[in-house]
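Below, chain A is the first sequence line, B the second, and so on; all start at residue 1.
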Amino acid sequence: MKNIIIGQYIPGSGFLYKLDPRTKIISVIVLMVAVFLLKSIVQLSIAMGLAILILIAGKISIIRIFRGLKPIFVLLIFTFVFQIFFNKEGALWVDETMTIGFVSITSMVLWTIIWRMLAKFKKFKMILFILYIGGLYLIMKYITYGTIFTTWQFLVYEKGVEMSFFVVIRLLIIITLSTVLTLTTKPTDLTQGIEKLMRPLKVIGISSEDFALIISISLRYIPTILDEANKIMLAQASRGADFAEGKLKDKIKQIISLLVPMFIIAFKRSEDLADAMESRNFVPGRERTRIHDLKLGRLDLLTGLATVLLLAGSILVRIYL
Amino acid sequence: MGYLDIEHLYFQYSSKRMILKDINLSINQGEWIAILGHNGSGKSTLAKLIVGLLQPKEGRITVDGVDLLPENVYDIRKKIGIVFQNPDNQFVGVTVRDDIAFGMENLQVSKDDMLKKIDFYATKVGMQNFLDKEPSQLSGGQKQRIAIAGILAMQTDIIIFDEATSMLDPGSRAELMEYIKELHQEGLTIIMITHDIEEALYADKLVILKSGEIYQQGDIPTLLKHPEWFKEAYLELPTAIQIYYDLKQAGHDNQELEEYLWAFSSSK
């Protein structure tokens, strides 16, 4: 737990690392807007190609980005399936009659049991899941004998397939862009960039410095608190608690028994920290000098220019194509 | 009049019993004073009052002739720094450099000045090679040294150590005590809050707190002549002195050993 990496920052040397965090934050936001302006798969594919070009130019391994996508794979699949099922525009591409009967339900249950038994091969989780879904499809399509309870039509339309690819590619581009940001920017720099960008909010009474301090202290204390959680878990495990197994109900109970002491300790900690900060003359809202300074360079200018051009390009595409 | 004066100080949290009663204390510049007390004797509360984290119910604290009031606490804190017990709960920065800088940032020290001072004081506490490390990569003793560097960089006249060694392993503890000794030799005023008599032996002067009152104060050899005072304040004697009294009680009379045991305790 001690070596946990906050954010996904990985030291490197590409041009993306040399950019001012402000440039990167603004560029990412602008490029996201640009991506949302695009209307067709072809345009999006070109945008995807450009995103990959940025990765190559910034010497970032594509595999790493792909690994970063893992946690949201479920979301991507869900989006994809949702679009396929519910978008009923355009030409009809697939029209299959699916059967649900005694034999097919039994087969599906058996198939599910086999799938669950294979779940211990965590490495192939994704492939197994796809095989499982494919298996369910085949069962419902071909096992038509025995008592049949009901049938339904599996319909896929042209627009549905197009939209599902469209949405998924768009999501991929957006996630790639934001991953590039967090991958090449230290959390401290990121916070500082946000702080500087939020400066104008002072007009409506939001202090960007306090906000940045809150973020940086949170970042600072995540490893400490995880360490604490680990200790509490060990202490509870040594008295017979089992965090790995048990029913969902038991698990929830155990998580509560972990959260309560964690919160109590965190509150105590925050009191101590407030004292420590105050005794070192911290006064919220008071002017402070900063040890980190951000400076915009020529590279930032070029990046900004390129970003603006890309945005202009996608606006033109939106209007004329 | 000392550099830091506490006169008739009373403190209580809302509607509870009085935590501190009629505290009178005068600390001179360059002095090392140990405030010794059992758990709940009010010693940490006293430390918080001195740095203005709490407001006294009655009485006054003056630093360098200036009354400590909420209006001028910012200026008083330029003169007094405090190192707390838990190394993790006072590390504000994301890295060592950021943490040493924190106090100076609050004092609006310029960036160039800050960088110079960070290098200087990090070297002073032997942490110059750790400037980019994160707190999770440091030991408790190292974190306490960073806390000290952060206060030194603020150039205070007094440093309060509020049980600053109690969460450290014996090795780091001895190391930290040596650092504090060096700082004292350089003229810094040290206030050491502790329940550990062995640590208190380093000081020039000892104040024993008992249930929120100053029970005894004076120089260490004088106080050690009265073992009953320590017992009554729920404190232990230094091991060597305890052995001395045990031997004496058992009727042994070895002048040489006695002298050795006394010298051993005052060698710090």
Side-chain angles (χ1 to χ4, degrees), chain A residues 1-7 9 11 185-192 195 209-210 212-228 230-231 265-295, chain B residues 44 47-48 50-54 73-95 97-118 131-132 134-138 143 147 150-151 153-154 156 159-160 162:
Chain A
M1 284 259 200
K2 278 224 152 157
N3 301 320
I4 204 151
I5 301 166
I6 305 304
Y9 176 73
T185 320
K186 280 187 206 154
T188 34
D189 292 343
L190 206 56
T191 338
Q192 229 192 340
E195 177 187 337
E209 281 161 37
D210 291 356
L213 196 68
I214 291 168
I215 299 178
S216 80
I217 287 176
S218 318
L219 288 173
R220 142 79 186 92
Y221 276 94
I222 288 170
T224 311
I225 286 169
L226 284 178
D227 210 37
E228 199 83 58
N230 211 12
K231 272 186 205 154
I265 292 167
F267 280 128
K268 169 79 184 107
R269 229 184 244 295
S270 67
E271 255 171 52
D272 283 359
L273 183 68
D275 277 349
M277 288 169 70
E278 215 185 317
S279 70
R280 280 158 83 183
N281 252 338
F282 175 73
V283 183
R286 195 176 176 127
E287 193 71 42
R288 306 172 68 217
T289 45
R290 304 305 298 271
I291 186 161
H292 299 284
D293 240 352
L294 297 179
K295 273 204 186 88
Chain B
S44 285
K48 284 187 182 176
I50 296 173
V51 289
L53 289 170
L54 297 171
V73 71
Y74 183 85
D75 294 313
I76 299 272
R77 282 186 194 139
K78 287 180 188 170
K79 297 179 177 146
I80 310 179
I82 180 165
V83 178
F84 291 97
Q85 178 178 22
N86 190 328
D88 252 325
N89 293 2
Q90 53 187 320
F91 204 107
V92 186
V94 179
T95 63
R97 181 181 284 110
D98 291 2
D99 192 65
I100 299 178
F102 183 75
M104 289 191 281
E105 288 178 329
N106 294 335
L107 294 179
Q108 298 171 41
V109 176
S110 74
K111 188 188 169 188
D112 294 335
D113 224 11
M114 256 195 273
L115 289 172
K116 267 184 231 151
K117 281 184 182 163
I118 290 169
L131 285 177
D132 287 312
E134 290 172 17
S136 57
Q137 297 167 302
L138 303 176
K143 279 179 218 167
I151 288 164
M154 291 171 79
T156 60
I159 299 190
I160 303 173
D162 184 2

Exercise for the section: Could you look at D99(B) and say if it's the side chain, the backbone, both or neither that has a heavy atom under 4.5 Å from chain A? Expected result: both

Completion exercise
d(L53(B) CG, M277(A) CE) to nearest 0.5 Å is 12.5 Å

Practice task
Applying side-chain hydrogen bond (donor to acceptor under 3.5 Å, both in side chains), name anything that partners T185(A), two or more places apart in sequence or on another chain.
Solution key: K24(A)

Problem - Sidechain-backbone polar pair: T289(A) side chain, S110(B) backbone, donor-acceptor under 3.5 Å - result: no

Problem - Spatial distance of atom OG1 (T95(B)) from atom NE2 (H292(A)) [nearest 0.5 Å] - result: 5.5 Å

Handout entry: Shortest non-hydrogen separation from S279(A) to F84(B) and the atoms involved
Key = OG-CE1, 3.7 Å

Practice task
Say whether, by atom type as modelled, one donor and one acceptor occur between the side chain of Q108(B) and the main chain of E287(A) under 3.5 angstrom.
Solution key: yes

Fill in the blank from the handout: In this structure, CZ of R286(A) is separated from CD of E105(B) (nearest 0.5 Å) by 14.5 Å

Problem - Per-residue contact mode, R269(A) against chain B (heavy atom under 4.5 angstrom) - result: both

Fill in the blank from the handout: Residue from D275(A), D272(A), V283(A) scoring the most non-hydrogen pairs under 4.5 Å with chain B is D275(A)

Practice task
Could you tell me which non-hydrogen atom of N281(A) sits nearest to which non-hydrogen atom of N106(B), and how far apart they are?
Solution key: O-CB, 3.2 Å

Practice task
With a 4.5 Å cut-off on heavy-atom pairs, point out which of G81(B), P135(B), A101(B) contacts chain A the most.
Solution key: P135(B)

Handout entry: Interchain contact, F102(B) with chain A, by part (heavy-atom threshold 4.5 Å)
Key = both

Handout entry: Under 4.5 Å from any heavy atom of chain B - which part of S216(A)
Key = both

Practice task
Look at D98(B), I80(B), V51(B) and state which one has the largest set of heavy-atom pairs under 4.5 Å with chain A.
Solution key: D98(B)

Exercise for the section: Answer yes or no: does atom NZ of K111(B) have more than 12 heavy-atom neighbours from other residues, nucleotides or ligands under 6.0 Å? Expected result: yes

Handout entry: salt bridge (charged side-chain N to carboxylate O under 4.0 Å, His left out) contacts touching residues 82-95 of chain B (sequence neighbours left out)
Key = R220(A)-D88(B), D88(B)-K143(B)

Handout entry: Most chain A-contacting option - heavy-atom pairs closer than 4.5 Å, from Q137(B), Q90(B), M114(B)
Key = M114(B)

Handout entry: Option that, when pairs with chain B are counted at under 4.5 Å, heavy atom only, ranks first among L273(A), T188(A), I291(A)
Key = I291(A)

Practice task
Give, as side chain, backbone, both or neither, the part of K48(B) having an atom under 4.5 angstrom from any heavy atom of chain A.
Solution key: side chain

Handout entry: Spatial distance of atom CD1 (I82(B)) from atom CD (E278(A)) [nearest 0.5 Å]
Key = 11.5 Å

